[in-house]
Each structure stands twice: as structure tokens, then as C-alpha cells.
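Since the structure comes first, as C-alpha cells, the remarks are kept for the end.
When a residue number appears, it is its place in the shown sequence, counting from 1.
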Amino acid sequence: MPSSSFPTTTSDVFEMGKYKAALRRVEASASASAPSCVAPADPPPKPLLIAFPADAPGEFPVLLFLHGYLLYNSFYSQLIRHVSSHGFVVVAPQLYTVAGPDTTDEINSAAATTNWLHRGLAGLLPPQVRLNLAKLAVAGHSRGGKAAFGLALGKSPTPLALPFSALLGIDPVDGMDKGKQTPPPMLTYVPRSFVLDMPVMVVGSGLGEIKKNPLFPACAPRGVNHADFFAECRPPACYFVAEKYGHMDMLDDETPGVRGKATHCLCKNGRAREPMRRFVGGVVVAFLRAYLEGDDVSLMGLRDGHEVAPVELQKVEFLL
């Protein structure tokens, strides 16, 4: 319950920020396939979707965001624009279009993209957008959350040229079930076993472990989901679970194509995506502000109940 000595308010992190966030698509090859794409002289290892503050000069931290299994980075356009509008550059690589159960290649691709950032990212942005790569975070959703943990835990043989300052797992998933983890496994089932020299946030969905169709597994099965990832995190770490929302509810309202339609059909979902997407975007901003910029007002407000989230929270836990 909120303390009587503090008012309960709705934090600005759950609304769009003061910057106008623009999106830019970047091809991995030397030529762009569409007029809206950019073909850089030093192309990234994978195609990118970049969100950046476009209307004011400044120096901004960078977030590398990894998409979920068989999803497109474009499905996160509204989410990454929300984060970017608060003063962050968000880089979302398309790690693959088709993939098997092994996540090794996407972890390696994420490592290669990380090492490209200091070489090529600045040249793709307006000159008034300056990068602060000393404040670099990595986040991922679903299997991308597993890949983000893998990258931070050093599962790629590629040495990272840039260190991460924060790690965020958005409903991370490590396989089909306990004992059926996809390689390389992240979870050891040893409490506080993750050796990470950075703060961690885990966000979970309350409906993710519920099957929508008896013929298909749950999208975030119990035993390999957010609860298990947080159980292995060491301080400082924080954990939020949105009770009445599902594994895909932080995606765009409209996700076109067969894969986009599947995001509505295969997972147990809440009534609408907008509240969960605003919550995820806002709590990401609150966490990044706290650990990259030293402003923990919104994050501690959520912990203490002084800030009102746009979703009902089933669990809030901090390890400090």
C-alpha cells in the first residue's frame, strides 16, 4: 500500500516522452530494398530498426533490443518509439527470419551487432543525435530475452567491444519446459546463480504460462519463464509481473502477415495490447533512467506504490 506521506501519482514514463521519436530501417547489405531503407557504407551485420529522438539535439544512451521467436523487429515499433521518446536510441536488429531451436546463432549475431555500434551507428543518425555508448543496455522479449541474458552472460565466443551497463528480460523464455530448454540453456535452477556485473530487470506476463489452445504449449511455460530467470538474478535486480496480460501484449496493435496474426492466435492474451505496451515501455524507461542516468524516482515510486501503473501488477519485487 502507498505510504500516507507520499501522494500516489501516474508517472510520466507511461506516457510518450518529450522527444518526437523517429524510426529508421537499415539494410544489412550494400543496397536498400525499399525507399524508406538506408544503405550505409559500413552495413550492420543484420538489418536494423532504429528509434531515435529526432527533434532536439542531445547525447542519448543506447538500448539494444532483441525480438522474440519468429517475430519481426517491426512488431515492436510502438514499444521502441515509446522508449525513444524519453531520450534513448533503440537499436532492434532482425536476428533471423527462420530459426530452429538453437539460439546460438542469434546470440552471436547480437554480439556482432553490439560490436558494430561504435563503428556504424552514429553515421545513420542526424548529426544532432549524439550517442553515449558508455551507457549501453541490452533487452529482449521472449526468446530474445533469453538471447539478451546469453549475451550478457558471455555465451557468445565473440568478445564484446562494448560493455553493457544494464540487462532487461521482457517475459524471457528458455524453452518448452524444465528439462526441455533450447540450447544453449540459460537457467541452472540454482538461486542467484547468474554472474552479471550489471543491474537486471525482469518483466513477466501473468497469462503467459496459460495455454490458449490445448494443441499448443503455453507461450511462456512455467519452469522456463520470467519467474525462473528472476530467481537466478543477483542484486541489484527488480521484477514486475502484469497479472491480466499475455506474452505478446507488448507488441504493436497491428502486426501484419501470417506471423502477425499468429501473435493473436497462439498465446493467451489480455483484452488489449495498449495498456501492457505502455507499462512495458514505461517500466523500461524507469529502469534505464535509474541505472543509466541516476534518476530512480519513477522506479522507486513503482516499488513503493507511489506510482500508478497502467496495468494491475501481480508481483513487484526488488533485490537491492
Side-chain angles (χ1 to χ4, degrees), residues 21-34 36-52 60-84 88-100 102-125 129 131 133 136-153 155-170 172-173 250-252 255 259-260 284 288:
L23 291 176
R24 176 164 292 175
R25 298 180 186 276
V26 181
E27 289 296 301
S29 61
S31 61
S33 60
S36 60
C37 294
V38 175
D42 181 5
K46 293 290 179 179
L48 304 178
L49 182 63
I50 305 172
F52 58 94
F60 304 104
V62 178
L63 174 66
L64 180 70
F65 186 90
L66 310 181
H67 62 82
Y69 184 53
L70 296 180
L71 300 180
Y72 293 120
N73 55 6
S74 60
F75 291 176
Y76 302 89
S77 295
Q78 290 173 286
L79 175 61
I80 66 173
R81 285 185 68 189
H82 182 124
V83 175
S84 182
F88 299 92
V89 174
V90 186
V91 179
Q94 185 65 47
L95 297 173
Y96 55 84
T97 53
V98 178
D102 195 324
T103 61
T104 300
D105 284 348
E106 59 229 64
I107 295 171
N108 291 340
S109 294
T113 301
T114 303
N115 290 346
W116 169 87
L117 293 174
H118 73 281
R119 300 197 317 266
L121 181 57
L124 298 174
L125 300 175
V129 177
L131 303 173
L133 288 170
L136 174 65
V138 60
H141 168 235
S142 189
R143 180 159 135 165
K146 169 187 172 127
F149 270 86
L151 192 59
L153 288 166
K155 299 291 185 180
S156 172
T158 302
L160 294 179
L162 296 168
F164 291 109
S165 299
L167 168 64
L168 305 87
I170 311 300
V173 179
M250 66 289 298
L251 301 185
D252 290 357
T255 47
R259 297 188 190 191
V284 167
L288 294 178

Is a side-chain N or O of Arg259 found less than 3.5 angstrom from the main chain of Tyr72, in a donor-acceptor match?
no

Taking C-beta and beyond as the side chain, do Leu23 and Ser77 meet within less than 4.5 Å on heavy atoms?
yes

Between Leu79 and Ile170, does the side chain to side chain contact (heavy atoms under 4.5 Å, CB included) criterion hold? Intermediate values first, please.
CA-CA 12 Å; Leu79 175 61; Ile170 311 300; 5.9 Å; no

Spacing of Arg119 atom CZ and Asp42 atom CG [to the nearest 0.5 Å]:
4.5 Å

Any donor-acceptor pair under 3.5 Å linking the side chain of Tyr76 with the backbone of Met250?
no

Would you compute the distance between atom CD of Gln78 and atom CG of Asp252 and round it to the nearest 0.5 angstrom?
4.0 Å

Do Leu66 and Pro93 make a side-chain contact, defined as non-hydrogen atoms from C-beta onward lying under 4.5 Å apart?
yes

Can you name the nearest heavy-atom pair linking Tyr69 to Ala99, along with the distance?
OH-O, 3.0 Å

Can you give me the closest heavy-atom contact between Leu71 and Gln94, atom names plus distance?
O-NE2, 3.1 Å

If every non-hydrogen atom of Ala148 is compared with every non-hydrogen atom of Val138, which pair is closest and at what distance?
CB-CG2, 4.0 Å

Are Phe164 and Leu151 packed together at the side-chain level, in the sense that at least one heavy-atom pair is separated by less than 4.5 angstrom?
yes

Are the side chains of His141 and Phe65 in touch, meaning some heavy atoms are under 4.5 Å apart?
yes

Min side-chain heavy-atom separation Thr113-Pro44 under 4.5 Å
no

Student check: side-chain heavy atoms of Leu168 and Leu288 closer than 4.5 Å
yes

Looking at CG of Leu136 and OG of Ser165, how far apart are the two atoms once the value is rounded to the nearest 0.5 Å?
6.5 Å

Quick one, Phe88 with Val62, criterion side chain to side chain contact (heavy atoms under 4.5 Å, CB included). Give me CA distance, side-chain angles, the key distance, then yes/no.
CA-CA 6 Å; Phe88 299 92; Val62 178; over 6 Å; no

Please name the pair of heavy atoms, one in Ala28 and one in Pro47, separated by the smallest distance, quoted to 0.1 Å.
CB-N, 3.6 Å

Least distance between heavy atoms, Ala122 atom then Leu131 atom:
N-CD1, 3.7 Å

Assert yes or no for the condition that the ring centre distance of His67 to Tyr96 is strictly below 6.0 Å.
yes

So CG of Leu117 and CG of Leu162: to nearest 0.5 Å the spacing works out to 6.5 Å

Kindly compute the distance separating CD1 (Ile50) from CG (Leu125), expressed to the nearest 0.5 Å.
5.5 Å

Can a donor-acceptor pair be found, under 3.5 Å and without considering hydrogens, that links the side chain of Asn115 to the backbone of Pro159?
yes

Audit row: Trp116, Leu48, side chain to side chain contact (heavy atoms under 4.5 Å, CB included) steps and yes/no
CA-CA 12 Å; Trp116 169 87; Leu48 304 178; 3.5 Å; yes

Heavy atoms of Leu49 and Ser74 approach each other most closely as CD2-CA, 3.8 Å

